[in-house]
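Take a look at the structure set out below.
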Amino acid sequence: MPVLVMKFGGTSVATLDRIKRAAKRVGVEVAKGYDVIVIVSAMSGETNKLVGFVGETSPMYDAREYDAVVSSGENVTAGLMALTLQEMDVPARSWQGWQVPVKTTDAHSNARIEEIPTDNITAKFGEGMRVAVVAGFQGVSDEGRITTLGRGGSDTTAVAFAAAFDAERCDIYTDVDGVYTTDPRVTDKARKLDKIAFEEMLELASLGAKVLQTRSVELAMRYKVRLRVLSSFEEQSDEAGTLVCAEEEIMESNVVAGVAFSREEAKMTLISVADRPGIAASIFGPLAEAGVNVDMIVQNISEEGRTDMTFSCPIDQVARAQKAMADAKEAGDINFHDLVADQEVAKVSIVGIGMRSHAGIAAKMFQTLRDEGVNIKVIATSEIKVSVLIDRKYMELAVQSLHDAFGLEKAA
Ligand code: ADP
Ligand code: ASP
Ligand code: MG
């Protein structure tokens with residue numbers, strides 16, 4: 001029988017009533033003849049609570065135990081979903097990551113899926129089970145320890161299962177009815193897209209649009225999974241939601257497809273470093289080794305052989321970056337006067353594959369921000385995106401004005 005993957009996020013399984021509603025959706029697909037793999041998140045708020053417990057117990061926690069704790073929210077919803085389906089006379093069974101097993105790297109709290117053997121679940125389907133309910137977000141390392149896939153990781157579990165089982169589609173049920181031109185919480189002018197290209201979704205996700213975890217889009221693109229985002233709160237047809245697909249499948253689209261933003265950025269400036277060959281390597285080498293994900297970089301013009309070097313990184317990596325730089329200074333590898341961290345910044349980005357063939361998009365973005373009196377601190381561009389770092393207090397204003405300036409309210 002054809003396999004369908006259906007993933008329900010935290011708000012979609014937040015109460016027993018919502019689990020029941022989700023289970024009914026699953027029942028509809030089972031009745032159509034699909035064998036269904038349901039991926040569940042923890043009830044909304046649950047993972048945050050568990051992360052909080054870990055931090056309170058042990059500020060410099062052991063990542064293996066972090067995973068043991070934070071993965072547990074999904075175990076509860078997987079069991080409850082299987083029970084709910086059984087109550088509806090749908091043959092269902094729950095699976096934790098290690099039972100499948102979802103084999104991952106041992107990069108605790110941010111592991112990558114390496115392999116999902118299909119034999120266990122396929123055998124059960126063969127015996128009459130119609131729904132495998134799998135706890136999202138978790139897997140097991142070679143050493144047999146529980147791992148987690150990074151926040152939002154259930155999306156990635158879902159796409160990985162769709163690829164492994166060659167599913168007809170991977171449906172991501174969430175609290176919005178699709179992918180919008182920007183987060184609908186920031187402007188009510190945000191418009192739902194019927195389709196979005198993998199490349200665009202990948203950029204939007206990696207630049208902060210939390211509707212899909214970045215890695216899930218990467219996997220969908222690589223394995224050609226038909227990925228759909230839709231609401232678990234509304235009655236759904238086969239055409240509902242947003243299809244994330246190859247760009248060839250999209251006839252018309254705006255030059256700019258969407259605006260993304262991230263509040264979780266920090267701007268770090270090394271004041272007065274020697275401007276000599278190899279200086280970038282001796283700064284960014286140790287940062288990389290310390291696991292700091294540097295994003296944007298600017299080097300100022302130098303004066304008397306010294307310059308300032310600015311970079312951005314996730315706000316929760318500031319302490320790590322400071323330590324790496326202090327250690328490198330102590331070891332005599334670099335010399336600088338000061339390291340200034342600005343934690344009141346946000347990154348706002350415009351994304352669209354149309355930018356490849358249209359000039360002047362970045363200029364228009366800068367003019368729009370100028371007209372609003374928003375100062376740009378750092379700029380980064382690629383073929384299909386332009387990102388700026390600005391004061392966080394102007395983030396909403398910037399998103400709204402860019403959404404207006406590029407006419408995203410209306411379809412192409
Ligand atoms: P789930 O718990 O179902 O995984 P998430 O909270 O992770 O849900 O993702 C859904 C949220 O993503 C939406 O409520 C919305 O606020 C946010 N979001 C950010 N950018 C976008 C976008 N471009 N389109 C739709 N939703 C977005
Ligand atoms: N429960 C996990 C989180 O909140 C995984 C997920 O929901 O995708 O990050
Ligand atoms: Mg999510």
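Keep in mind that what you see is a predicted model, and the values were worked out from it rather than measured. Both ligands and their constituent atoms are indexed starting at 1 by order of listing.
Applying the side chain to side chain donor-acceptor pair (under 3.5 Å) test to Lys7 and every residue at least two apart in sequence or in another chain returns Asp155. Arg130 meets the side chain to side chain donor-acceptor pair (under 3.5 Å) test with Asp35; sequence neighbours excluded.
Proximity of Leu204 to ligand 1 is not established, as no heavy-atom distance is less than 4.0 Å. Residue-ligand proximity: Ala190 is placed with every non-hydrogen atom at 4.0 Å or more from ligand 1. Residue Glu74 places a heavy atom less than 4.0 Å from ligand 2. Taking a 4.0 Å cut-off on heavy atoms, Gly9 fails to register as neighbouring ligand 2. Heavy-atom distances between Gly152 and ligand 2 reach below 4.0 Å in at least one pair.
Defined by atom type and a distance below 3.5 Å, a donor-acceptor pair is missing between the side-chain atoms of Tyr394 and Glu372.
With a 4.5 Å cut-off on side-chain heavy atoms, Asp183 and Phe261 count as touching. Counting heavy atoms from C-beta outward, Thr310 and Lys377 have side chains that stay 4.5 Å or more apart.
Of all atoms in ligand 1, listed by their number and element, those nearer than 4.0 Å to a heavy atom of Lys7 are 4 (O). Interface atoms of ligand 1 facing Asp175, defined by a heavy-atom separation under 4.0 Å, are 10 (C), 11 (C), 13 (C), 14 (O).
For atom 3 (O) of ligand 1, the closest non-hydrogen atom of the protein is Thr174 OG1, 2.7 Å.
Salt-bridge check for Lys323 with Asp327: passed, with a basic side-chain N closer than 4.0 Å to an acidic carboxylate O.
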